[in-house]
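Proteins get letters first, then strands, A, B, ... in listed order; numbering begins at 1 in each.
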2 protein chains.
Amino acid sequence: MTQDAILRSLIAENLVSDPAGARGRLLKEAARLFRDKGYERTTVRDLAAAVGIQSGSLFHHFRTKEDILKAVMVETIRLNTALMQAAMDAVDAPRDKLRALIRAELESINGQTGEAMAVLVFEWRSLSEDAQAAVLELRDIYEQLWLDVLEAVKAAGYLRAEPFVVRRLLTGALSWTVTWYRPDGGLSLDGLTDQVVAMMGLAE
Amino acid sequence: MTQDAILRSLIAENLVSDPAGARGRLLKEAARLFRDKGYERTTVRDLAAAVGIQSGSLFHHFRTKEDILKAVMVETIRLNTALMQAAMDAVDAPRDKLRALIRAELESINGQTGEAMAVLVFEWRSLSEDAQAAVLELRDIYEQLWLDVLEAVKAAGYLRAEPFVVRRLLTGALSWTVTWYRPDGGLSLDGLTDQVVAMMGLAE
DNA sequence: GACAATACCAAGCAAGCGCTTGGTTTGTAA
DNA sequence: TTACAAACCAAGCGCTTGCTTGGTATTGTC
């Protein structure tokens, strides 16, 4: 199943907004602005201007500014969970599955959903507790994919550290790439994935 | 040289504020509040209340709110650069130096300066360009320590990935520990350091 | 075409922000 | 003790923010 097909399926199920529609365009611009200036410094006037409407009109689509932030986060988790599941399902061996997960997460962080993924990391404190709890539920599904694969890699004898700890170290390592990695900087995503795998001493 | 002696020396040279003094107490509380609520959501009224004065009085010590943020960052970099240099100087072999750096950075992130270190990561966008440039100058000194050691470890044959990339992946991995590591969670700082070293395939 | 629903506009509200200003209090040195 | 500097207080300024409200315009459905 291609990435486009996965996205279309999620749109059809109303789990993710169509990027070509009004709501989807707003979320895309919101992710960009929140990423660039921070959620708190991005005003509703900024958001409205980015999609070419007046600020009061935003409140027709979302009840509050915070609901926009939450939607950016929820939708990117849903999309990337599906993409990672698909990447992982395409291979069999535990080490290959781990490599596929690393590659897919690097792509989520440095590709189309990079801005939303950065918002997930950097704007967590601006969410209310209720919203944080809702986002964490989705996040837990995503994290379980990782833990299952890391456990399998450890059981196969390729990893000496604890899967729980490794996952969290990898979360930081991969999330931080958003601050320094440039696809046109001479290192492809596959090359970067190779570096991560090599740093872990898992290279063949 | 002990950590206390290093701190005292920096205070004497006016590179770091005395934590017992008015300015130092304010910076300590600022780091805590900025970490917990975010810089933007922390008002000058919050800061003043945290140290028991009225908000207008803050402007006697600092010209602007942003100058407080900058001082939190600048002072923690200065302190931690000195602490890491000392930790590294206490050992000889490249792998031991790398381990010492990892241990020292984990301590900076999860110990006394943890709040300020988190502010350095999460509040970068709230700094003006001038302030960012000033902070980066100090940051570059700190980063060069790491790159020198990683180059030595690679030259000794223990690392296959590129030092530049590894440093950045480690920055993320170690910085992220601020969100999940708890010293009373059954894993000591030394234990966590061992996990990082093991994840890198550098365990003995 | 008529009507309802959706999307948007324009104006402005109430609350809160970083900071200034004129003053008072405290600490230090001579 | 006196003079001066440093630290703080209290009040309030000008501006900005997220959001509401009454209205208009556009789209969708029958």
Side-chain angles (χ1 to χ4, degrees), chain A residues 11-12 14 17-73 119 123-132, chain B residues 11 14 17-73 119 123 125-132:
Chain A
I11 292 168
N14 261 303
S17 304
D18 181 352
R23 184 180 153 109
R25 282 192 311 106
L26 174 59
L27 290 180
K28 194 172 155 68
E29 289 295 324
R32 179 178 65 81
L33 287 167
F34 294 162
R35 166 74 200 95
D36 288 344
K37 319 171 57 159
Y39 168 75
E40 301 290 338
R41 282 200 176 189
T42 300
T43 66
V44 292
R45 289 165 180 83
D46 293 334
L47 290 169
V51 291
I53 59 175
Q54 300 300 308
S55 64
S57 308
L58 289 182
F59 296 93
H60 175 80
H61 297 274
F62 291 92
R63 190 172 51 88
T64 62
K65 185 183 173 190
E66 186 187 327
D67 279 359
I68 298 172
L69 178 63
K70 179 181 168 185
V72 167
M73 292 184 181
V119 168
E123 306 296 344
W124 186 251
R125 286 166 303 176
S126 292
L127 279 185
S128 64
E129 280 191 22
D130 286 350
Q132 285 181 345
Chain B
I11 292 167
N14 261 303
S17 304
D18 181 352
R23 184 180 153 109
R25 282 191 311 107
L26 174 58
L27 290 180
K28 192 171 155 68
E29 289 295 326
R32 179 179 63 83
L33 288 167
F34 294 162
R35 166 70 203 100
D36 288 345
K37 320 171 58 161
Y39 168 76
E40 301 290 338
R41 283 201 176 189
T42 300
T43 65
V44 291
R45 290 165 179 81
D46 293 332
L47 290 169
V51 291
I53 59 173
Q54 300 300 308
S55 64
S57 309
L58 288 181
F59 297 92
H60 175 79
H61 298 273
F62 291 94
R63 189 173 50 91
T64 61
K65 184 183 174 192
E66 186 188 328
D67 279 0
I68 298 171
L69 178 62
K70 179 181 167 184
V72 167
M73 293 184 182
V119 169
E123 306 296 345
R125 285 165 303 174
S126 292
L127 279 185
S128 65
E129 281 191 21
D130 285 351
Q132 285 181 345

| message | So, using side chain to side chain contact (heavy atoms under 4.5 Å, CB included) as the criterion, who are the partners of B/Ser17 when residues are at least two apart? | response |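 B/Arg23, B/Leu27, B/Glu75.
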Any donor-acceptor N/O pair, [X] side chain to [Y] backbone, under 3.5 Å:
X        : Y        : result
A/Glu66  : A/Ser128 : yes
A/Arg125 : B/Phe34  : yes
A/Gln132 : A/Trp124 : yes

Rounded to the nearest Å, what distance is computed from the [atom1] atom of residue [X] to the [atom2] atom of nucleotide [N]?
X       : N      : atom1 : atom2 : answer
A/Ile53 : D/dG18 : CD1   : P     : 14 Å
A/Phe34 : D/dG18 : CZ    : C1'   : 12 Å
A/Leu33 : D/dG18 : CG    : C1'   : 16 Å
A/Ile68 : D/dT17 : CD1   : C1'   : 14 Å
A/Arg41 : D/dT17 : CZ    : P     : 11 Å
A/Glu40 : C/dG16 : CD    : P     : 15 Å
A/Arg23 : C/dT6  : CZ    : C1'   : 15 Å
A/Leu58 : C/dC8  : CG    : C1'   : 11 Å

For nucleotides 19-29 of chain C, give me every protein contact, N/O to N/O, under 3.5 Å, one pair per line with atom names.
unit_1: C/dC19; atom_1: OP2; unit_2: B/Lys65; atom_2: N; d: 2.7

| request: Report yes if a side-chain nitrogen or oxygen of B/His61 is closer than 4.0 Å to either non-bridging phosphate oxygen (OP1 or OP2) of D/dC8; otherwise report no. | output: yes
| message | Can you tell whether the side chains of A/Glu40 and B/Lys37 come within less than 4.0 Å, N to carboxylate O? | response | no
| query | From C/dG18, D/dC8, C/dC8, pick the nucleotide closest to the side chain of B/His60? | reply |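 The answer is D/dC8, which lies nearest to the side chain.
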| query | Between C/dA7, D/dC9, C/dC9, which nucleotide has the shortest distance from any of its atoms to the side chain of B/Gln54? | reply |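 Among C/dA7, D/dC9, C/dC9, the one nearest the side chain of B/Gln54 is D/dC9.
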| said: Could you check whether atom NZ of B/Lys28 has more than 12 heavy atoms from other residues, nucleotides or ligands sitting under 6.0 Å from it? | reply: no
| message | Can you see whether A/Tyr39 has A/Lys65 sitting over its ring - NZ or CZ less than 6.0 Å from the centre and within 45° of the normal? | response |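 Judged by the rule, A/Lys65 and A/Tyr39 form a cation-pi pair.
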Mind listing the N/O atom pairs, protein and nucleotides 22-29 of chain D, below 3.5 Å?
none

| Could you state the interatomic distance from CD1 (B/Ile68) to CD (B/Glu29), rounded to the nearest 0.5 Å? |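 Those atoms lie 12.0 Å apart.
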| task | Please round to the nearest 0.5 Å and tell me the distance separating atom NE2 of B/His61 and atom CG of B/Leu47. | result |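 Rounded to the nearest 0.5 Å, the NE2-CG separation comes to 12.0 Å.
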